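All of these numbers come straight from a predicted model, not from anything done at the bench.
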Amino acid sequence: MESSYLKIVILYCIKELQGQRTIYSILHLLNGKKSSQTIQDAHLFQLTRLFKTFGQLTRSELEQLAAEMENANWIGQDENGHFELRVNGEKYLQSALLEYPIPSSLNGWKYHTSTGVLWERISLLVQVISHLNYNHAKYLPIQRKRNVLSWLKDFLKTSGADRNELGILLNKELQHCLGSLSDINPAVLTLRLTGYNHIGLTAVQAAKQLGVGQDYYHHQFLGVLHYMLDCIKHSPSQYPLLGKLVSGSEDSVPLTFSTKKTYSLLDEGFGLDEIARIRNLKKSTIEDHVVEVALNMSSFDITPYVANARQKSILEAANSSKSRQLKQIRKLVPEADYFEIRLVLAKFGEEER
């Protein structure tokens, strides 16, 4: 069944959300909605790697999948309309993840702005180098976007390598990177590449040839690209050519538009109440923005909002609690409010878990 892997992903999200969110929070996560709530949920419940990995999933499709899983007694709703995993769903998820594991290299939050750029550029570059090697100049480029074509021209001028050597160097870097990819077949990527007298497969064709569903193939394809981005990020000296493929594609601080406005006022020294008044927003909304800043900026100091002693108490409570439920943590630290708890978890939560 084509939707089976997507159901696995949804079940996994439901498990991690611990009955604290509606099914639509999963839709926003998989779609990559740039809202403070979605971004905070992704980090709080350790779901950042799934961020924007199913951008085309619709509300009606998700509702249909949820209804099917509810009918199968895999999930059930509580009095708030929040889904929780049933025993049957837990058993199915455990066995399904053994057969169809979510790629370990998948990291949607970290690389969602770079993934498309890398694929557009590498697919075009491989095609162009292949035709250059055969001295064949008449062909239709696999990518048609003006900015991608413009990037290629600049790349060929500034690569620092002879055009006859480019293919050898690029192949060497790709083999070095993909050679250590353990849980995904590199053919997930290479089957899609176009060259001289060779047309790359579509995603549908590649999935069929590899004998996997389209949804599972999609996550594996993203997983390969994210793995390459990780290689480039952590060992740039080993991948000089691949590094040029992603140069300029990263968001330095991927804050939402409204949060950027709040951060600018924070930077000027305004307090939360003042910013709420200036921006004509609820204080709770400004607090959401502060949490988002803490999630994305490692240098952001939260001590003006949460004293060091309380930060320590919240972290100790989070580590001793069996869940990430804010109310459970607050029971252990009743003097802390929910904003303080969310802020500490945003700043330190993922590294402490």
Side-chain angles (χ1 to χ4, degrees), residues 13 15-22 24-26 28-29 33-51 78 80 82 84 109-110 253-353:
C13 290
K15 179 182 178 181
E16 294 300 302
L17 289 171
Q18 303 171 6
Q20 294 188 59
R21 297 290 185 270
T22 69
Y24 302 109
S25 67
I26 298 174
H28 299 326
L29 172 78
K33 183 178 181 181
K34 285 292 189 73
S35 69
S36 292
Q37 185 64 60
T38 299
I39 293 168
Q40 290 170 44
D41 283 351
H43 286 82
L44 177 63
F45 297 105
Q46 315 293 297
L47 291 169
T48 50
R49 62 179 177 149
L50 296 174
F51 186 84
D78 63 16
N80 298 313
H82 298 175
E84 296 177 311
W109 172 251
K110 190 174 184 179
V253 182
L255 300 176
T256 57
F257 181 73
S258 187
T259 297
K260 286 180 180 178
K261 289 185 174 182
T262 294
Y263 177 68
S264 179
L265 292 170
L266 286 171
D267 208 31
E268 292 179 32
F270 289 100
L272 303 190
D273 291 312
E274 292 176 291
I275 295 173
R277 187 179 67 255
I278 292 169
R279 298 205 56 201
N280 194 28
L281 294 171
K282 294 179 180 178
K283 185 180 179 181
S284 60
T285 301
I286 302 303
E287 289 175 346
D288 283 344
H289 294 168
V290 175
V291 172
E292 186 184 336
V293 172
L295 285 168
N296 289 287
M297 299 181 66
S298 59
S299 61
F300 184 68
D301 182 15
I302 68 170
T303 51
Y305 314 101
V306 193
N308 285 322
R310 188 163 295 179
Q311 289 181 35
K312 184 178 179 182
S313 297
I314 292 170
L315 284 175
E316 289 174 350
N319 289 332
S320 63
S321 176
K322 293 182 179 180
S323 78
R324 285 260 145 173
Q325 290 188 2
L326 301 182
K327 63 182 180 181
Q328 295 297 331
I329 296 173
R330 197 178 186 202
K331 284 181 180 179
L332 299 174
V333 193
E335 65 274 17
D337 62 32
Y338 285 118
F339 169 58
E340 291 175 318
I341 295 171
R342 288 194 300 131
L343 191 54
V344 171
L345 291 179
K347 181 68 176 178
F348 306 110
E350 285 189 279
E351 62 189 59
E352 290 291 331
R353 192 175 187 182

Inset, instruction - Look only at the side chain of Ser25 and the backbone of Thr22, and say whether a donor-acceptor pair between them is shorter than 3.5 Å. - result: yes
Inset, instruction - Side-chain contact test, heavy atoms from C-beta onward, threshold under 4.5 Å: evaluate it for Trp109 versus His43 and give yes or no. - result: yes
Inset, instruction - Measure the spacing between CG of Leu272 and OG1 of Thr285 and express it to the nearest 0.5 Å. - result: 12.0 Å
Legend entry - By side-chain contact (heavy atoms from CB on, under 4.5 Å) - contacts of Ser36 (at least two apart): Gln40, Thr256, Thr259, Asp288, His289, Glu292
Legend entry - Asp78 to Gly19 - nearest heavy-atom pair and separation: OD2-O, 3.8 Å
Inset, instruction - Please round to the nearest 0.5 Å and tell me the distance separating atom CZ of Phe348 and atom CG of Asn319. - result: 12.0 Å
Legend entry - Student check: side-chain heavy atoms of Thr262 and Leu255 closer than 4.5 Å: no
Inset, instruction - Side-chain contact test, heavy atoms from C-beta onward, threshold under 4.5 Å: evaluate it for Arg342 versus Glu287 and give yes or no. - result: yes
Legend entry - Leu326 side chain reached by Leu345 side chain, heavy atoms, under 4.5 Å: yes
Legend entry - CD on Gln328 to NZ on Lys331, rounded to 0.5 Å: 4.5 Å
Legend entry - Asn80 side chain vs His82 backbone, donor-acceptor pair below 3.5 Å: no
Inset, instruction - Could you list the residues that satisfy side-chain contact (heavy atoms from CB on, under 4.5 Å) with Thr303, not counting sequence neighbours? - result: Asp301, Asn308, Gln311
Legend entry - Check: Ser298 main-chain N/O paired with Lys347 side-chain donor or acceptor under 3.5 Å: yes
Legend entry - Polar side-chain atom of Asp267 near backbone of Tyr263 as donor-acceptor pair, under 3.5 Å: no
Inset, instruction - Give a yes or no on whether the backbone of Asp337 and the side-chain of Glu340 come within a donor-acceptor separation of less than 3.5 Å. - result: yes
Inset, instruction - Evaluate the ring planes of Tyr305 and Phe300, with Trp represented by its six-membered ring, and classify them as parallel (under 30°), tilted (30 to 60°) or perpendicular (over 60°). - result: parallel
Inset, instruction - Say whether, by atom type as modelled, one donor and one acceptor occur between the side chain of Arg310 and the main chain of Glu335 under 3.5 angstrom. - result: yes
Inset, instruction - Decide yes or no for Arg21 and Cys13: does some side-chain heavy atom of the first lie under 4.5 Å from some side-chain heavy atom of the second? - result: no
